Amino acid sequence: MARLQAVTGRSVTPLSDGWELCMTGPGGTPAGDWLPAPVPGTVAQALRAAGLYRLGDPLPLHDRDVWYRVTLTGEGPCTLRFHGLATIAEAWLDGERILTSASMFERHDVPVTLRGAHALRIVFRALNPVLAARKGRGRWPVRLAGPAGLRAVRTTLLGHMPGWCPPVPAVGPWRPVELVTENGPLRVRSADMRATLEGRDGRLSLTLAAAWTGSAPPPGWLEVGDARAPLRWTGPEELRGDFRLPEVAPWWPHSHGKPALHTVRAAIGNERIELGRTGFRRIEREPGDGFTLRINGERIFCRGACWSSPDIVAMPGTREAYAPWLELARQAGMTMLRVPGIAAYEADAFFDLCDAMGILVWQDFMFANFDYPADEPFLDGVRREAAQFLDRVQASPSLAVLCGGSEAEQQAAMLGLPRERWSQPLFDTVLRDEAERGRPDVPYVANSPTGGPLPFAADAGLTHYYGVGAYLRPLEDARRANVRFASECLAFANMPAVGALPGVPAVHDPRWKARVPRDPGAPWDFEDVRDHYLRSLYGVEPMVLRYEVPDRYARLSRAVTG
């Protein structure tokens, strides 16, 4: 369903001020000091602001409960909306538990009745006892992330990947908490909006699940820019409209044209519904054993990078956090960013900016490497998670690929399992079905990498290519290996820009080397990879430069990865 930006008579109040947090032992009752806490935000972010948390010496957070509290006021029936609670959480209103959540990726709407001031508390339960109690094992061990119990818990792998990122666990109300009230005659539950490009014409269809609480419901209108078409009641709680816009300005990635966006509104009587902006474009995957995208009939070279987070501590979801990084990507000529399954679903502002900047988004669902449970309770949660994500990005033209997850097929293949055991119902059925329901206009692939005699074959399907990069092959190997489409590649440790990391030790300090990313268990790290190519391309000895001319070493290292 499309996002409802605003509805006449609906008031959405962010509960962002006045929050405090307190940490206790598992199952404990808050009795210590309370700290100011940003909401949306994380525990690590609050501790960092209080001077109690540093990346180089992080506090363990999964062995304790964390309580948040705030006072809210209101009158009458309303809805408490929790956009994301990381991860095992309970919400209490005046001492009564109103919500239990076990996924940081699900939104929850809780109807409540307020009469003045009320105490809202959210407790985030210690994750370690939950993981220790998990039964059952996957078909293969996972070295990338741990512990193994994470396969059954819906939380990000960021912070759980030794060697890849700092051990900063995501704990807390990382997405907004809101109070929603309705006081008009129109009550809109959802909006199903589909925008497509047919030839040179745009077509937009809208179905509103809505109720009119007054007398006879008035007629409705659907507006796209300055054009208007009728919305008709097709049932007591449903309106539908269909729109064709001749010679519409299509949406293009910034490399090929203008990412044209069109404002969409609906009106029922005097009540207005703001549906934001959408774009008209057509995405197709070319047939064959490779992976090639056409947009509006044109072949697109997908040049870009994998995305993690603007700030691994705060995991922000604001335009201010996203915009500088996305603008750098656009200026660098990137046409696509991949949000991999090790990360998190980004907030609406991320997609709004990618829509406006003309940056394509390859979106993994948040699954990676593990052999996931196949029981119905787990899969039902996956369906809700996927449906909610697809609903809120339904109108986004930048969404270009949906992918079940990262490296699960590869894990099975590398262990020597037969091909028929590489697949999982999660990827081949559950997520595929949700993708086809929510975004049938977007190509779906079950996993990354996939295709060929082995999932990571460079010359078929889509691959994770590390010949040039981690495996130290010469530059011409990318051509000789006949790389078709790499959704991951290289594996360099990038040298930070001058002044980007104040207080970081010199490159020859042991503390520097301790923070360089590496594959768990590998005898080399990704700075060794960069140094190999520095030596190959520039004919210098990296170790000598590190100690004797560190500034030149840094400048050449930036040139190598560029």
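All values derive from a computational prediction rather than experimental measurement.
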Verdict with reasoning, H256 to E298, per side chain to side chain donor-acceptor pair (under 3.5 Å): CA-CA 9 Å; H256 285 65; E298 294 289 331; 5.7 Å; no

R48 and D311: CA distance, side-chain angles, deciding distance, salt bridge (Lys or Arg N to Asp or Glu O under 4.0 Å) verdict: CA-CA 12 Å; R48 181 176 65 180; D311 179 354; 2.9 Å; yes

Verdict with reasoning, D371 to Q411, per side chain to side chain donor-acceptor pair (under 3.5 Å): CA-CA 9 Å; D371 179 28; Q411 290 282 118; over 6 Å; no

From CA spacing to verdict: ring pair (Phe, Tyr, Trp, His ring centres under 6.0 Å), W164, F526: CA-CA 10 Å; W164 277 87; F526 296 145; 5.4 Å; yes

Audit row: D364, Y345, side chain to side chain donor-acceptor pair (under 3.5 Å) steps and yes/no: CA-CA 9 Å; D364 283 11; Y345 302 105; over 6 Å; no

Intermediate values then yes/no, side chain to side chain contact (heavy atoms under 4.5 Å, CB included), R175 and M104: CA-CA 9 Å; R175 289 293 182 250; M104 72 177 283; over 6 Å; no

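Here R530 pairs with E527 in a salt bridge; the nearest charged N to carboxylate O distance falls below 4.0 Å. Salt bridge annotation for D528-K513: present, with a cationic side-chain nitrogen under 4.0 angstrom from a carboxylate oxygen. Electrostatic pairing of R384 and E106 counts as a salt bridge here, judged by a charged N lying under 4.0 Å from a carboxylate O. Between D477 and R480 there is no salt bridge, since no side-chain N of the basic residue sits under 4.0 Å from a carboxylate O of the acidic one.
The shortest distance between side-chain heavy atoms of T463 and R484 does not fall below 4.5 Å. The shortest distance between side-chain heavy atoms of R338 and S406 falls below 4.5 Å. Using a 4.5 Å heavy-atom threshold, the side chains of F291 and L293 count as touching. Using a 4.5 Å cut-off on side-chain heavy atoms (C-beta onward), C354 and L326 make contact. Proximity of V264 to L206: side-chain heavy atoms (C-beta onward) are nowhere separated by under 4.5 Å. When side chains are defined from C-beta on, R546 counts as touching D531, because their heavy atoms get closer than 4.5 Å. Side chains of R392 and Q394 form no contact here, defined as non-hydrogen atoms less than 4.5 Å apart. Side-chain contact between M366 and V339: present, with at least one pair of heavy atoms (C-beta onward) separated by less than 4.5 Å.
Y533 is linked by a side-chain hydrogen bond (donor to acceptor under 3.5 Å, both in side chains) to nothing, counting only residues two or more places apart in sequence or in another chain.
Heavy atoms only, all atoms of each residue included: I300 and P253 are closest at CD1-CG, 4.0 Å. Contact record, W524 with D519: CH2-OD2, 4.0 Å, taken as the closest heavy-atom pair. Among all heavy-atom pairs drawn from A249 and A260, the shortest one is O-CB, 3.7 Å. Among all heavy-atom pairs drawn from V168 and A44, the shortest one is CG1-CB, 3.9 Å. Here the closest non-hydrogen pair linking A408 and W140 is O-CZ2, 3.7 Å. The two atoms that bring M315 and S309 nearest to each other are CA-OG, 3.8 Å, heavy atoms only.
Counted within 6.0 Å of CZ on R203, heavy atoms from surrounding residues, nucleotides or ligands total 12 or fewer; the atom is thus considered open. Environment of CZ in R200: sparse, with no more than 12 heavy atoms of neighbouring residues, nucleotides or ligands closer than 6.0 Å. For CZ of R473, the number of neighbouring non-hydrogen atoms (other residues, nucleotides, ligands) closer than 6.0 Å is 12 at most.
Two rings, from F485 and W362, have their centers less than 6.0 Å apart. No close placement of the W252 and F280 rings is indicated, their centers lying 6.0 Å or farther apart.
Seen from the ring of F351, R3 does not count as a face-on cation partner, given the 6.0 Å and 45° thresholds.
Remark: the S448 side chain and the S487 side chain contain an N/O donor-acceptor pair separated by less than 3.5 Å. Checking E407 against H464 by side-chain atom types alone, a donor-acceptor pair falls below 3.5 Å. For the residue pair S205 and D242, no side-chain donor N or O sits within less than 3.5 Å of a side-chain acceptor on the partner.
For the side-chain contact (heavy atoms from CB on, under 4.5 Å) criterion with P542, the lone passing option out of V507, L534, V560, L556 is L534. Checked options E274, E223, Q5; the residue passing with R265 is E274 (criterion: side chain to side chain donor-acceptor pair (under 3.5 Å)).
Here the OG atom belonging to S423 is positioned 10.0 Å from the CG atom belonging to N447, to the nearest 0.5 angstrom. Taking CD1 of I295 as the reference point, atom CZ of R281 lies at 7.0 Å (rounded to 0.5 Å). To the nearest 0.5 Å, atom OG1 of residue T156 and atom CE of residue M161 are 6.5 Å apart. Within the model, atoms CD1 of I283 and CZ of R439 stand 7.5 Å from one another, a figure rounded to the nearest 0.5 Å.
Between W307 and Y322, the two ring planes are tilted [angle within 30° to 60°].
Identified under the ring pair (Phe, Tyr, Trp, His ring centres under 6.0 Å) test for residues 396-449, with sequence neighbours left out: none.
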